> 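One structure coming up, written as structure tokens, with questions to follow.
First the proteins, then the strands, lettered A, B, ... as listed; each starts at 1. In this text the structure is predicted, and so the values were computed from the model without any measurement.
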Amino acid sequence: MSDKIKVENLSCFYGKHRVLESLNINVVKNEILTIIGPANSGKTSFLRTLNRMNDFNPDYSREGAVYLDNDNIFEMNTEKLRKRVGMLFAMPIPLPMTIYENIVYAPKRLGVVAGKKSDQDAVVEQALKDASLWDEVKDRLDSSAMKLSGGQQQRLCIARILAINPEVILFDEPCSGLDPISTAKVEESMIELKEKYTIVLVTNNVKQASRVGDRTAFFLMGKLVELDKTGTMFVSPKQKQTEDYITGRFG
Amino acid sequence: MFRLNPKLSQKLSYALLFCATIFVIIPVVFILFIIIKNGASAITWEFLTSMPRNGMRSGGILPAILGTLSIVSCAICITLPIGVSAAIYLNEYAKDNLLTRIIKLAIVNLAGVPSVVYGLFGLGIFVMFFKLGVSIIAGALTLSIMELPVIITTARGALNSVPYSFREASMSLGVSRWQTIRYIVLPNALPGILTGAILSIARISGETAPILFTAAAFYVPHLPGSIFDQVMALPYHLFIISTQIPNMPKNIIFGTALVLLMLVLSMSLIAIIARLYFRKRRKW
């Protein structure tokens, strides 16, 4: 098994405040790595570092290196990096256009799909099918994406990422605003997606981590406390802090 | 000290606030009433479409209408692209440093400079230094510089109203910042930008001081032919016929005022309708 992402001595700061401390972690190809931990433990900061969305924050700075297939992401062109490493946000953010346009938007702008209508139709259909949304929306592709339910919007956002055919997908608490049934659907598609993609999932829901994660990392106060196979960690955590957190004694 | 009971003080404050609102409306209604009462009789097809005659005491005001329209349309063509570009830069690209803060401060303060100062500035720079003469283009440039801060401010407001999350979602897909602006931010900010532009047109249509030295003429016997012509303009024409010409028929003065007023009001009306239309179509 090869490493898709390798993080070496990564530290992140907002102003002078350190949110991540000398982090060393790897993400294996075609796995789901889940990251759990209480609020302010640096989970989201870590995730947003992986596709450099934090670069937009002027207070943000970092040290260390992150390698994606042996290339340092901090030396890459950010647009090319984000095409390879897609990100799903906590709240679904459909763009203010139709369902169809939402999917073809990025492929068109990145020049991944040609201008031909039939090519675009194929991209839209494939992406929506892979995100298991096709059956629900195939009759109303030209209606506004804003009119979908929260769960459908979140799966639309997944489809939008799939349409640009990334290598890694980052999920930032993707189910925090969803009901249990929508959550189950999103989790189901995540498990299907790991066949083709490498997934990093940040979640506040410890049970979700145990359901979908291949390996789980526990972050606390900007430090990696424990990293292990999900089955192992939830049965016999090595650290006392991990045990306290996953059994709900704090956090 | 006496105290009002809560119910009475509630009624009293309601009455005071209501009176204040009525007080705002009274002058507007009064102005409209007087202008329409005195000027409506002058408004005929001939008045709107013919040249002034008999030392402007009869005939029409066509050259003044056309003059104002050409100056204003020229001005907005100059100021809108520059203003919107500057707003995009300030809102989407500029880092928050000293220079940016100074520019923002300058824009706010430029909006407060008296319009006659812009008039003198235009006379010095465009009419004399660039030798454009007293002409449509000199007046339009002066007006466009005067209106630039307003356009920038309204356009920045419109850009700001597009949620930041849209930009983030777009850029997280690997779409570049400029493409995000071009395909996500601008289309959604356009209604606000357009409304601001229309209201600016309404505002500069009525300006007298900036065109006084730069574009307007007392009387021009022909219609404007090129942007280097001197023209008559409605606000300046109104000033002349109400102060400089003896035995001026009253209904022509008020008729001219009515035409100017209608021009400005119809612009505002278009802006209101456009805003309602776009608000209904807005998808978020």
> Let's go through A:M97 and B:I184 carefully: what are the C-alpha distance in whole Å and the side-chain angles of both, what is the deciding distance for side-chain contact (heavy atoms from CB on, under 4.5 Å) to 0.1 Å, and is it a yes or a no?
CA-CA 9 Å; A:M97 37 175 95; B:I184 300 290; 3.4 Å; yes

> With side chains defined as the heavy atoms from C-beta onward, is the minimum distance between B:F166 and A:P96 less than 4.5 Å?
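A side-chain contact under 4.5 Å exists here.
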
> Below 4.5 Å, heavy atoms only, C-beta onward: do B:L173 and A:M87 meet side chain to side chain?
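The answer is no, as the side chains (C-beta and beyond) never meet within the 4.5 Å cut-off.
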
> Please rank B:R167, B:R177, B:K95 by heavy-atom pairs under 4.5 Å with chain A and give me the top one.
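Highest number of heavy-atom pairs under 4.5 Å: B:R177.
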
> State the CD1-OH distance between A:I93 and B:Y164, to the nearest 0.5 angstrom.
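Here the interatomic distance stands at 10.5 Å.
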
> Considering all heavy atoms of both residues, which atom of B:S172 and which atom of A:N51 are nearest to each other, and what is their separation?
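Smallest interatomic distance, heavy atoms only, reads O-ND2, 4.4 Å.
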
> Nearest 0.5 Å, what's the NZ-OG distance between A:K80 and B:S176?
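If we round to the nearest 0.5 Å, A:K80:NZ and B:S176:OG are 12.0 Å apart.
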
> Which bit of A:P107 comes within less than 4.5 Å of chain B, counting heavy atoms only: side chain, backbone, both or neither?
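Contact with chain B involves no heavy atom of A:P107 at all.
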
> Pick one of side chain, backbone, both or neither for A:R160, based on which atoms fall under 4.5 Å of a heavy atom in chain B.
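Interface part for A:R160: both.
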
> Flag yes if more than 12 heavy atoms outside A:M76 fall under 6.0 Å of its CE atom; otherwise flag no.
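Yes, CE of A:M76 has more than 12 neighbouring heavy atoms, counting only those of other groups under 6.0 Å.
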
> If you compare all heavy atoms of A:F89 against all heavy atoms of B:A169, which two are closest, and at what distance to 0.1 Å?
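Answer, listing the atom of A:F89 first, then B:A169: CE1-CA, 4.0 Å.
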
> Using a 6.0 Å cut-off, check whether atom OH of B:Y14 has over 12 heavy atoms from anything other than its own residue.
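Atom OH in B:Y14 is not packed in, count stays at 12 or less.
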
> Rounded at 0.5 Å granularity, tell me how far CE in A:M53 sits from CE in B:M171.
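Here the rounded value is 6.0 Å.
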
> What part of A:I164 gets within 4.5 angstrom of chain B, counting heavy atoms only: side chain, backbone, both, or neither?
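Contact with chain B involves the side chain of A:I164 alone.
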
> Quick check on A:N40: does its CG atom have over 12 non-hydrogen neighbours (other residues, nucleotides or ligands) under 6.0 Å away?
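No.
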
> Of all of A:L88, A:N77, A:V85, A:L110, which one pairs up most often with chain B through heavy atoms under 4.5 Å apart?
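Going by pairs under 4.5 Å, I would pick A:L110.
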
> Does atom CD of A:E125 have more than 12 heavy-atom neighbours from other groups under 6.0 Å away?
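Enclosed.
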
> Counting only heavy atoms not in B:N109, do more than 12 fall under 6.0 Å of its CG?
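Yes.
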
> Indicate yes or no: at least one non-hydrogen side-chain atom of B:E168 is less than 4.5 angstrom from one of A:R48.
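They are in contact (side-chain heavy atoms under 4.5 Å apart), so the answer is yes.
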
> Counting only N and O atoms by type, is there a donor-acceptor contact under 3.5 Å from the side chain of B:Q179 to the main-chain atoms of A:R109?
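Checked: pair present.
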
